[in-house]
Amino acid sequence: MLDYETLKIIWWLLIGVLLIGFAVTGGFDLGVGALLRLVARTDDERRVVVNCVAPTWDGNQVWLILGAGAVFAAFPMVYASSFSVLYPAMIAVLFSLFFRPAGFEYRSKIADPRWRGFWDWGLTIGGVLPAVVFGVAFGLMLTGIPYHFDSDLRIVMDGGILDAVSGFSVLAGLVSLAMLMMHGAAFLNCKTDDAILLERTRKALRLSAIATIVLFVLAGVWVALGVHGLQITSIGDVNGELNPIHKQVAVSGGGWLRNFQLYPLMWLAPIVGIAAAAGVMLLAMRPVIALISSGLSVAGVILTAGFALFPFLLPSSSVPADSLTIWDGSSSKHTLALMLAAAIIFVPIILAYTAWVYRVLRGPVRIDDIRDEYGSY
């Protein structure tokens with residue numbers, strides 16, 4: 001049977017897999033929404049773009065729900081604390097996401113251009129705002145969030161969310177937006193063969209890939225030179241149950257690069273993130289390979305942040321010793337073991353179903369198809 005320490009690491013990895021799963025599938029949904037008004041100018045073109053993602057977007061949200069549920073069950077203190085600390089941002093994302101199902105379902109019900117224009121803006125906001133907020137959240141984890149625990153382990157905020165937002169977290173939000181717009185453009189590149197729409201899509205693909213590389217490198221330099229990282233100096237037996245306020249943490253400039261120094265293989269993550277984004281620009285004429293390359297870039301960027309933070313999950317900027325880690329923020333050993341058994345059964349089923357859906361819905365969406373097909377979005 002696996003020991004407690006190993007189970008904690010496995011669940012850190014599994015949550016990372018779920019987050020990447022959402023970023024790769026739900027990410028191109030967000031990216032397509034953000035690009036809607038940029039690459040599609042006529043109503044027919046916008047209907048093509050909407051019909052590229054509308055049949056599958058809700059299934060892609062399974063990864064987000066699984067990720068949130070896994071954090072709730074595997075790291076309940078992290079879940080409770082993060083939703084308390086980031087509540088305004090979570091509400092903003094939630095309300096922006098409301099536009100997506102409503103926009104997909106109602107946009108084409110009325111032919112009035114004002115009606116359709118309203119839902120087009122709603123879908124655009126529903127793509128841009130979550131992408132930015134998710135990136136800002138990662139940026140906040142690297143710069144730290146002002147909170148601490150009292151003696152009864154109740155979370156105490158040492159400032160509002162706006163107090164925590166910094167230039168770096170805004171930059172992280174822009175990295176996320178550029179990355180998901182690149183991924184959305186790569187998906188559209190596979191799903192349409194209309195010459196004019198395809199030309200605009202490939203232009204957006206190249207520009208967003210360049211933006212992803214530039215912003216990601218800039219964020220890396222900022223982390224190395226201007227962001228103080230955390231390092232555990234004393235915590236106790238990580239194979240046992242730990243109190244999150246009974247550890248010692250050191251703060252140092254460039255501290256988030258320590259894991260890369262200790263484990264050089266971790267450098268593969270940022271290398272893949274940059275190289276795959278560069279590959280997207282070079283492979284735009286080969287849509288499927290470009291989409292795979294875009295997905296690899298997304299995974300590389302997320303893994304870079306995860307490797308830098310390990311083992312921290314929710315760093316505190318006001319009381320670093322109260323930062324939550326995988327060692328002291330996890331559920332019981334029994335809970336993690338039971339969840340692992342369920343994940344071994346159900347995650348492959350979800351993967352198989354997702355693959356089957358995309359196989360059935362493969363192929364381009366054409367303007368003539370949406371004009372002729374009753375019930376299209």
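One is the number of the first residue; the rest follow in order along the sequence. The structure displayed is predicted, hence computed values, not measured ones.
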(request) Could you give me the CA-CA distance, side-chain angles and deciding distance for Ser332 and Thr335, then say whether side chain to side chain donor-acceptor pair (under 3.5 Å) is met? (result) CA-CA 5 Å; Ser332 68; Thr335 299; 2.9 Å; yes
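Residues Ile65 and Leu97 are members of separate hydrophobic clusters, defined by side-chain heavy-atom contacts under 4.5 angstrom among Ile, Leu, Val, Met, Phe, Trp and Tyr. Residues Leu207 and Leu291 do not share a hydrophobic cluster, clusters being chains of Ile/Leu/Val/Met/Phe/Trp/Tyr side chains in contact below 4.5 Å. Cluster annotation: Trp327 is connected to Leu13 through the hydrophobic network of ILVMFWY side chains, with a link wherever side-chain heavy atoms come within less than 4.5 Å. In the hydrophobic clustering of ILVMFWY residues, with side-chain heavy atoms under 4.5 Å counting as a link, Leu309 and Ile9 come out together. Note on Trp119 and Val128: separate hydrophobic clusters, where clusters join Ile, Leu, Val, Met, Phe, Trp and Tyr whose side-chain heavy atoms are under 4.5 Å apart, directly or indirectly.
Of the possible polar contacts, none joining the Ser169 side chain to the Val136 backbone as a donor-acceptor pair under 3.5 Å is found. Within the 3.5 Å criterion, the main-chain N or O of Phe260 finds a donor-acceptor partner in the side chain of Trp267. In terms of modelled atom types and a separation under 3.5 Å, the side chain of Asn259 and the main chain of Phe310 share a donor-acceptor contact. Remark: the backbone N or O of Met77 is paired with a side-chain donor or acceptor of Ser81 at under 3.5 angstrom. Of the possible donor and acceptor atoms, one in the side chain of Thr25 sits under 3.5 Å from a partner among the backbone N and O of Gly21. For the pair Lys247 (side chain) and Ala321 (backbone), a donor-acceptor distance under 3.5 Å is present. Asn51 contributes a side-chain N or O that, together with a main-chain N or O of Arg47, makes up a donor-acceptor pair within less than 3.5 Å. Judged by distance alone, with hydrogens and angles left aside, the side-chain atoms of Ser323 form a donor-acceptor pair with the main-chain N or O of Ser316 at under 3.5 Å. Without hydrogens or angle criteria, Glu45 side chain to Thr42 main chain gives a donor-acceptor distance under 3.5 Å. Under a 3.5 Å cut-off, the side chain of Tyr147 and the backbone N or O of Val319 do not form any donor-acceptor pair.
Smallest separation of non-hydrogen atoms from Gly184 and Val32: O-CG2, 3.6 Å. For the pair Gly126 and Leu30, the tightest heavy-atom approach, listed with the atom from each and the gap, is O-CD2, 3.4 Å.
Here the options are Leu35, Leu180, Val298, Asn60, the test is side chain to side chain contact (heavy atoms under 4.5 Å, CB included), and the partner is Phe28; only Asn60 passes.
Taking OG from Ser82 and CZ from Phe72, the interatomic distance works out to 11.5 Å, rounded to the nearest 0.5 Å. Between the CG atom of Asp194 and the CD atom of Glu199 there is a distance of 10.5 Å, given to the nearest 0.5 Å. Taking CG of Leu296 as the reference point, atom CD1 of Ile20 lies at 10.5 Å (rounded to 0.5 Å). From Thr56, atom OG1 reaches atom OH of Tyr358 across 3.5 Å, with rounding to the nearest 0.5 Å. Interatomic distance, CE of Met281 versus CE of Met182, reported as 9.5 Å (0.5 Å rounding). Taken to the nearest 0.5 Å, the CZ atom of Phe312 stands 8.0 Å off from the CD atom of Gln231.
A heavy-atom distance below 4.5 Å is not found between the side chains of Phe187 and His183. Side-chain contact check for Leu340 versus Leu2: some heavy-atom pair is nearer than 4.5 Å. When side chains are defined from C-beta on, Trp11 does not count as touching Ser331, because their heavy atoms never get closer than 4.5 Å. Taking 4.5 Å as the limit, every side-chain heavy atom of Lys191 sits out of range of all side-chain heavy atoms of Pro364. Within the 4.5 Å cutoff, side-chain heavy atoms of Met141 are placed close to those of Pro315. Inter-residue side-chain proximity for Arg200 and Leu38 is flagged as unmet; no heavy-atom pair is nearer than 4.5 Å.
Counting non-hydrogen atoms of neighbouring residues, nucleotides and ligands closer than 6.0 angstrom, the OH atom of Tyr87 reaches no more than 12 such neighbours. Atom CZ of Arg286 has 12 or fewer neighbouring heavy atoms from other residues, nucleotides or ligands inside a 6.0 Å radius. Atom CH2 of Trp115 sits in a crowded spot, with more than 12 heavy atoms from other residues, nucleotides or ligands closer than 6.0 Å. Within 6.0 Å of CZ on Phe98 lie more than 12 heavy atoms contributed by other residues, nucleotides or ligands. The environment of Ile245 atom CD1 is dense: over 12 non-hydrogen atoms of other residues, nucleotides or ligands sit within 6.0 angstrom. For Arg258, the CZ atom is loosely surrounded, since the number of other residues' heavy atoms within 6.0 Å does not exceed 12.
In this structure, Phe134 and Phe22 have perpendicular ring planes: the angle between them is above 60°, well past the 30° mark. Classification of the Phe307-Trp12 ring pair by plane angle, with boundaries at 30° and 60°, yields tilted.
Salt bridge annotation for Arg107-Asp43: present, with a cationic side-chain nitrogen under 4.0 angstrom from a carboxylate oxygen.
The ring of Phe104 has its center no closer than 6.0 angstrom to the ring center of Tyr106.
Contacts of Asn239 classified as side-chain hydrogen bond (donor to acceptor under 3.5 Å, both in side chains), with partners at least two apart in sequence or in another chain: none. Listed by chain and number, the residues in a salt bridge (Lys or Arg N to Asp or Glu O under 4.0 Å) with Arg114 are Asp112 (sequence neighbours excluded).
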